[in-house]
Number of protein chains: 2
Amino acid sequence: MSNMGYAGHMELHEPELREVPVTAVLAALADDVRLQIVRALAQGGEYACGTFEFGVSKATRSHHLKVLREAGLTRTRVAGTSRYVRLRRDELDRLYPGLLDAVLAAPARA
Amino acid sequence: MSNMGYAGHMELHEPELREVPVTAVLAALADDVRLQIVRALAQGGEYACGTFEFGVSKATRSHHLKVLREAGLTRTRVAGTSRYVRLRRDELDRLYPGLLDAVLAAPARA
DNA sequence: GAGGTTGTTCGACGGATGTCGAACATGGGT
DNA sequence: ACCCATGTTCGACATCCGTCGAACAACCTC
């Protein structure tokens, strides 16, 4: 307590999108669970991690969110015990115009 | 010998693009060697398999070309002992408008 | 037909990846 | 203080994937 005020966090690794190889971005999108997460995020706004219930365990979900984050696809805000995730759509659309749209437009179950 | 004339080929598995899950298409593109091949093919026209010299063995090259073909990204024409590969760009652009352009526009080494 | 060319297939191997349960960390509530 | 809720991290495990050399298959040319 006292005045060391500061919500110690932990430097959430969020790379510059242009530092990430295209292949890494594509690889991040090339998984069913992660694609479902991205589809959800594409609705806009932020979502707590727990929002994503896609038939995998907490551990696995956490893993996938990490992959997305480290591929530069998402940004995470820490608030209390929750973490709020959002899509880095603007940056994505600027660096890879058309990519996200094309992927999202694809039929979900094909 | 005799008349059983017929250039037996072998049914080269080339799926309908819409039968291929998006994740498979993305996975096919999410490899450095394959992306180099796709970049080369994107120049247009057909190329014999041997054209692609990207520092991998014959076996590996063959493997990658198979992955691309089975992901619906390429079409292969058999001619004698050679095989000519070309990009299925039209179909790709129709089903995933913008995807290929975005990927190809990305810096080669990032 | 013998030999060369082109490409595929077959193990084998090592490294990456998806998955889980269990343990841990952190913060909110009562 | 205790407990609960939310997430992450840590092995562990199975599977997939990229890679290679060697063997094979098909074809062309002499």
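To find a chain, count down the sequence lines: A is the first, B the second, and so on, and within it residues start at 1. Computation of the quantities below employed the complete heavy-atom set of this structure, encompassing side-chain atoms and omitting hydrogens, waters and symmetry-equivalent molecules.
Cluster annotation: F52(A) is not connected to V67(A) through the hydrophobic network of ILVMFWY side chains, with a link wherever side-chain heavy atoms come within less than 4.5 Å.
Summary of the strand contacts: S62(B) and H64(A) both lie near DNA chain C, and taking for each the nucleotide with the nearest heavy atom, the more 5' one is attributed to S62(B). Each of T76(A) and G80(B) has a nearest nucleotide on DNA chain D; the 5'-most of these lies closest to T76(A).
Atom CD of E70(A) and atom C1' of dA16(C) are 14 Å apart (whole Å). Remark: P of dA25(C) and NZ of K58(A) are 14 Å apart, rounded to the nearest angstrom. The CZ atom of R34(A) sits 9 Å away from the C1' atom of dT17(C) (whole-angstrom rounding). Rounded to an integer number of Å, the gap from NZ of K66(B) to C1' of dG7(C) is 13 Å. Atom CG of L65(A) and atom P of dG7(D) are 9 Å apart (whole Å). The CZ atom of R83(A) sits 11 Å away from the C1' atom of dT9(D) (whole-angstrom rounding).
The residues E46(B) and R77(B) are annotated as salt-bridged, a charged nitrogen and a carboxylate oxygen being separated by less than 4.0 angstrom. Classification of R94(A) and E91(A) as a salt-bridged pair fails, no side-chain N sitting under 4.0 Å from a carboxylate O. Ion pairing between a basic and an acidic side chain is recognised when a charged N comes within 4.0 Å of a carboxylate O; D101(B) and R89(B) show such pairing.
Taking CG of L65(A) as the start and OH of Y47(A) as the end, the distance is 13.5 Å to the nearest 0.5 Å.
Side chain of A48(A), nearest nucleotide from dC10(D), dG7(D), dT19(D): dG7(D). The listed nucleotides are dC20(D), dT19(D), dG7(C); the one nearest the side chain of R61(B) is dG7(C).
Contact between the side-chain N/O atoms of T81(A) and the OP1/OP2 oxygens of dG7(D) is not found at any separation under 4.0 Å. The shortest distance between the side-chain N/O atoms of T60(A) and the OP1/OP2 oxygens of dT19(C) is not below 4.0 Å.
Backbone-only engagement by V56(A) is indicated by non-hydrogen atom pairs under 4.0 Å involving sugar-phosphate atoms exclusively. At the heavy-atom level, H63(A) lies under 4.0 Å from base atoms of the strands shown. Among the atoms of the strands shown, only primed sugar atoms or phosphate atoms (P, OP1, OP2) are found under 4.0 Å from some heavy atom of S82(A).
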